[in-house]
Amino acid sequence: MSTVAQLAVVTTGCTNFRQTSKCLGFCFRIDGHALTSVFTTTAINRTATLRNRAKGPLLVTCSAAKPSSSSDVSSSARIRSEVLTPFRSVRMFFYIAFIAQASLGGLIAITQLIGALANPSRADSVADIAKGLGIDIGAAALFAFLYYRENKIKNAQMAKLSREENLSNLKLRVDEKKIISVSDFRGLARVVILAGPSSFIKEAFELSEAFTEQLVERGVLVVPFCTDGNGPDFEFDETEEMKQFTNKRRRLWQLVPVLTPEWSQWLDEQKKLASVSPESPVYLSLRMDGRVRGSGVGYPPWNAFVAQLPPVKGMWSGLLDGMDGRVL
């Protein structure tokens, strides 16, 4: 039995009805027979089921719905961009205003220049008019360049914030009964994501052993993501004298990615943007506020994390949460 499901925009119409309705639904084909589940949006958001109560045949036309693009900028990313650069919109508004003013002045100067060239009695004013025209053209070109640069920086920042927003929506398993998003760790922990084959994850696990206590004090939590499909095989010391240290090790490496295709897609996009080979093992560290702090190819610098990140408890708690030390 073969089953194919497709998200579609369904247009229905019956021979005994004058109106047609468009609604969002799922079209299933099982052994060549089409079954359609349709959802319509009404004033009270009810779910309606299409039924052929008329005597005539029910006509159903399906068209594929446009998938949502990962490059779409969310409203949350726009708000964060405004918070980070509150005066950018004001600057861009004045750039446009100055461009319009200089362009208008240039048009007026062109008409004056044409009139002066056509009238020999105004030949003395040609130099002054040409000088003013040159100033208007230069001003328009300058503010157009400033607007283009500001808009380019804005688009780059929005793209970065959008990628961070997509990362924050990815799911993590804390234990057998609790699954949360990456965004739930904002203000609570500094997440470090490792992506690579299981051998890379195991080696990074062993390299972090000497810095376990310092990393836990700084609120670091590691997310190991095996790209080869094999789960990480961590070995902990279960002796009684090492029980406290082992608990810290387990806490440091307790997170497990959920819905791995979404994680793979997000990591592939980041590698493509950074011109990194898809097979290369990488790490990504987040700040306490959820923004990307640093990334790189290979093993994460555990010693640098210990040296640069402030503890999450004590006199430095909360004071440097937004700074998180130097960006790698």
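- At least one side-chain heavy atom of L273 sits less than 4.5 Å from a side-chain heavy atom of R163.
- Tracing side-chain contacts under 4.5 Å through hydrophobic residues (I, L, V, M, F, W, Y), one never reaches L267 starting from V297; they form parts of separate clusters.
- L221 and A189 get closest at one heavy-atom pair: CD1-CB, 3.7 Å.
- In terms of modelled atom types and a separation under 3.5 Å, the side chain of S103 and the main chain of I99 share a donor-acceptor contact.
- Applying the ring pair (Phe, Tyr, Trp, His ring centres under 6.0 Å) rule to pairs touching residues 172-200 yields F200-Y299, sequence neighbours excluded.
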Open item on the list: Before you tell me yes or no, could you show the steps for Q270 and L167 under side chain to side chain contact (heavy atoms under 4.5 Å, CB included), namely the whole-Å CA-CA distance, both residues' side-chain angles and the distance that decides it to 0.1 Å?
Closed with: CA-CA 10 Å; Q270 305 315 300; L167 172 62; over 6 Å; no

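- A heavy-atom distance below 4.5 Å is not found between the side chains of R218 and F211.
- No side-chain donor-acceptor contact under 3.5 Å links R293 to the backbone of M288.
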TODO: Test side chain to side chain contact (heavy atoms under 4.5 Å, CB included) on T111 and L107 and set out the steps.
DONE: CA-CA 6 Å; T111 58; L107 292 175; 5.8 Å; no

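- A distance-only check finds no donor-acceptor pair linking the side chain of K271 to the backbone of V276 [under 3.5 Å].
- Applying the ring pair (Phe, Tyr, Trp, His ring centres under 6.0 Å) test to F93 and every residue at least two apart in sequence or in another chain returns nothing.
- Below 30°, between 30° and 60°, or above 60°: for F143 and F98 the angle between ring planes is between 30° and 60°, a tilted geometry.
- For the salt bridge (charged side-chain N to carboxylate O under 4.0 Å, His left out) test, residues two or more places apart in sequence or in another chain that qualify with R88 are E150.
- Judged by distance alone, the side chain of S162 and the main-chain N or O of A159 form no donor-acceptor pair under 3.5 Å.
- Heavy atoms only, all atoms of each residue included: M242 and D237 are closest at CG-OD2, 3.3 Å.
- At a threshold of 4.5 Å between non-hydrogen side-chain atoms, the residues L286 and V292 count as touching.
- Closest of all the heavy-atom pairs between L255 and P224 is O-CD, 3.3 Å.
- Summarising the geometry, atom CZ belonging to R287 is positioned 9.5 Å from atom CZ belonging to R190; distances are rounded to the nearest 0.5 Å.
- Distance alone, capped at 3.5 Å, is enough to place a donor-acceptor pair between the S285 side chain and the G294 backbone.
- In this structure the side chain of L259 never reaches within 4.5 angstrom of the side chain of L170, judged on heavy atoms.
- Applying the side-chain hydrogen bond (donor to acceptor under 3.5 Å, both in side chains) rule to Q101 yields no partners; only residues at least two apart in sequence or on another chain are considered.
- Proximity of L194 to P300: side-chain heavy atoms (C-beta onward) are separated by under 4.5 Å at one or more points.
- Y148 places none of its side-chain heavy atoms less than 4.5 Å from the side chain of Y95.
- Put simply, V258 and L284 are part of two different groups of oily side chains (I, L, V, M, F, W, Y) that touch within less than 4.5 Å, one to the next.
- Between L172 and W263, the shortest heavy-atom distance links the atoms CD2-CZ2, 3.4 Å.
- In F94, the CZ atom is not crowded: 12 or fewer heavy atoms of neighbouring residues, nucleotides or ligands sit closer than 6.0 Å.
- The hydrophobic clustering, which links ILVMFWY residues whose side-chain heavy atoms are closer than 4.5 Å, places V256 and V191 apart.
- Between P197 and T227 there is a side-chain heavy-atom pair separated by less than 4.5 Å.
- Across all non-hydrogen atoms, the minimal contact from E213 to F245 is OE2-CD1, 4.1 Å.
- Identified under the salt bridge (Lys or Arg N to Asp or Glu O under 4.0 Å) test for residues 131-141, with sequence neighbours left out: none.
- In terms of hydrophobic clustering, with Ile, Leu, Val, Met, Phe, Trp and Tyr side chains grouped at heavy-atom distances under 4.5 Å, Y147 and I153 are assigned to different clusters.
- Applying the salt bridge (charged side-chain N to carboxylate O under 4.0 Å, His left out) test to R250 and every residue at least two apart in sequence or in another chain returns E238.
- L188 and I193 fall into different hydrophobic clusters, where Ile, Leu, Val, Met, Phe, Trp and Tyr side chains are chained together by heavy-atom contacts under 4.5 Å.
- Between Q112 and I108 there is a side-chain heavy-atom pair separated by less than 4.5 Å.
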